Structures are given as structure tokens and as C-alpha cells.
Amino acid sequence: MSHDLDWRRDGPGWPHADRSRFVQAGGLHCHVQTWPGATRSSGCCLLLHGTGASTHSWRDLAPLLAAHTTVVAVDLPGHAFTGMPPGGAGSPQLGLSGMARALGALLQALDTPAPDLLVGHSAGAAVAIRMALDGHARPGRIVGLNAAVLPLGGLAGQWFSPAAKLMAALPLVPQLFAWRARDPTVLARLLEGTGSRLDATGQALYQRLVSSPAHARGALAMMANWDLPRLAADLPRLAVRLDLVVGERDHTVPPSHAPRILAALPPGSRGRLSLLPDLGHLAHEEDPLSVSALILPDPDA
């Protein structure tokens, strides 16, 4: 039988559990991890994971960044140890705008400096851009790691959201998914589909995540409420520099999306495109040192 994640049981073995705390903000019970900077003037970096992940995905990258700045990582709504918002799978807080608003409320509740750098992986990059567009954060720079910002093309794009809506609405689907995901071969296929090769620790952590029905429900609900066409249409309004880091082996988000994203931005916001050969969708977990070098210090500062 699959069990939901529980901090009392699972927290002590979670990466950087000593950095964890829970904050009530925006109607959510949020799991947050913080690495304080040397001084309050050293700035702050907010890390936003992608769909189906959690703060665990920053386990090796966050300490590298923390040598330069305050670092804040959060489990997105419905993911890992952050609870689902009121209204469950149909809550507007699971859409892009609602999630950006909820994270803005969380930032207001924290005792850390306002983030001047947003780093988002996959769908987390879309959240970071939405936060900047809607005024819920005022960073000087955004870094997207294998950013899932443009709508998928073809039949996948047409069926993605309707299929997720259907699965999120069926109460037994998350339990069934979590039950199947307990099989190591199922997880192996999921990770293989990212183009990344994770070590045993990374694989074990994802196994614990995908075996949680509540986490599966949150990931499905996030996909069901996503609105990438609107975000893509708003990219010409982004007034923040956006740098993109792309693993050339990414099998989840086509690497060809990155130049299209930068081309849609106003000239002053078009940052650097960095390609990482032989790394996949989870490049920041495969090679955190190389990714950290592209984030801090800013190569064009």
C-alpha cells in the first residue's frame, strides 16, 4: 500500500532537513528550506522546482549557491510536504497565476531578503516568469533550467491539459499511479524519459515522491491547471533578463524551445543561452557544479 509523505516519518531522512521549516501563507502550509547568506546585502535566490519534483532536487546545487547568496527553496503547492490549497485539484492556486500569487504571499511571510534572482527548473521557470510579469517578485534576473515555457506542439499539446484534468478529477488515479510507481522498473522508465542519469540517492528520493498518492495528485492538478499559451503570449512584456540553461539530452522539453523563448522576449531581456552536452532534463541534479557556475556569479556582471 502506498503512503503519503509525512514529515514526522519522512522528514528526518530528507535532504537538508535541518534547513526546513513550515510557513503558513496564501492559504497554504508551505515547506521551505533556507540557507542564510553571510549578510543581508548578499542578495537572495529563490529556487522553484518543476512538476512532480520537490526541494530534494536542489540538494547539491543549493549549498553551492549559498556560498554567494541567501537561498530559499520551496515545495510548490500540492507537492511533497506542501499541502494542497483549499478547493483541492480544481483550485486556481494550482494554475500559473495562482501559484505565482501564492508564492508572492509566501515571500512576504518570510524573514529573508526579497529575491533578486529566481531560478526555475522546467515548469518552475514558468512560475518564475509569471511571478515577475504579475509583480509578485521583482528580480533582477531569472535563470530557467530546461525551461518548460512554451506549449507542447502536435497531438501532445492538444491532449495534455484535458487528459490531466480528467486524471486529476478521478480520485483513484493518484492512488493507482503511486501504487504502480512503487515498482522500480516504472520509476526507471520515468527517469529514462528525462534523458538524465541520476545516482542511487536521486533515484531513491524520486521513488519516495512518486509513491505518495498526495504528491501524485498535486502533480496532476498542476498539469491540469497550466496555461502556457497565455504565458507565451506575455513573454514580450517580460522586463527582466532571462538566461536559459539547456541539457542537450533533454527528452522532456525540446532543447529547440530555448532559442524560441529568447526570440520572443524584448531585446533588453534576452540573456545567455548555455548548452550542456550529455546532460538531460535533470541536468542540475546530474552536474550541479557546472550548473552553479552558470548561475552565480552572473557571467556578464
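Not measured: the values here are computed from a predicted model.
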Flag, side chain of [X] to backbone of [Y], donor-acceptor distance under 3.5 Å:
{"X": "Arg241", "Y": "Val143", "value": "no"}
{"X": "Asp75", "Y": "Ala80", "value": "no"}
{"X": "Asn146", "Y": "Gly247", "value": "yes"}
{"X": "Arg141", "Y": "Leu117", "value": "no"}
{"X": "Thr55", "Y": "Ala73", "value": "no"}
{"X": "Ser196", "Y": "Leu282", "value": "yes"}

Are Leu244 and Met131 connected, step by step, through hydrophobic side chains (Ile, Leu, Val, Met, Phe, Trp, Tyr) whose heavy atoms are closer than 4.5 Å? yes
Side chains of Trp226 and Leu231: closer than 4.5 Å at any heavy-atom pair? no
State, with a plain yes or no, whether a side-chain heavy atom of Leu94 is found less than 4.5 Å away from one of Pro77. yes
When the ring planes of His121 and His284 are compared, do they come out parallel, tilted or perpendicular, using 30° and 60° as the limits? tilted
Report the residues that fulfil side-chain hydrogen bond (donor to acceptor under 3.5 Å, both in side chains) with [X], sequence neighbours left out, ordered by chain and then residue number.
{"X": "Arg8", "value": "Asp6"}
{"X": "Asp134", "value": "Arg130"}
{"X": "Ser57", "value": "none"}
{"X": "Asp116", "value": "none"}

Counterpart residues, ring-ring contact (aromatic ring centres under 6.0 Å, His included), relative to His251 (two or more places apart): none
Could you tell me which residues satisfy ring-ring contact (aromatic ring centres under 6.0 Å, His included) with Tyr206, sequence neighbours excluded, listed by chain and number? His56
Could you tell me whether Arg237 atom CZ has more than 12 heavy atoms of other residues or ligands within 6.0 Å of it? yes
Between Trp58 and His16, is a ring-ring contact (aromatic ring centres under 6.0 Å, His included) present by the stated rule, with each step listed? CA-CA 10 Å; Trp58 308 112; His16 304 295; over 10 Å; no
Partner set under side chain to side chain contact (heavy atoms under 4.5 Å, CB included) for [X], not counting sequence neighbours:
{"X": "Ser122", "result": "Ala148, Val253, His281"}
{"X": "Leu275", "result": "Val246, Glu248, Leu273"}
{"X": "Leu106", "result": "Val23, Ala25, Cys30, Val32, Val74, Leu103, Leu110"}
{"X": "Ala219", "result": "Thr51, His79"}

Residues two or more places apart in sequence or in another chain: which of them pass salt bridge (charged side-chain N to carboxylate O under 4.0 Å, His left out) with Glu286? none
Hydrophobic cluster of Leu64, others only, ordered by chain and residue number, side-chain cut-off 4.5 Å: Leu289
Can Glu192 and Arg197 be counted as an ion pair, charged N to O under 4.0 angstrom? no
The test is salt bridge (Lys or Arg N to Asp or Glu O under 4.0 Å); show your working for Arg21 and Asp111 and say whether it passes. CA-CA 12 Å; Arg21 56 176 164 153; Asp111 55 357; 3.0 Å; yes
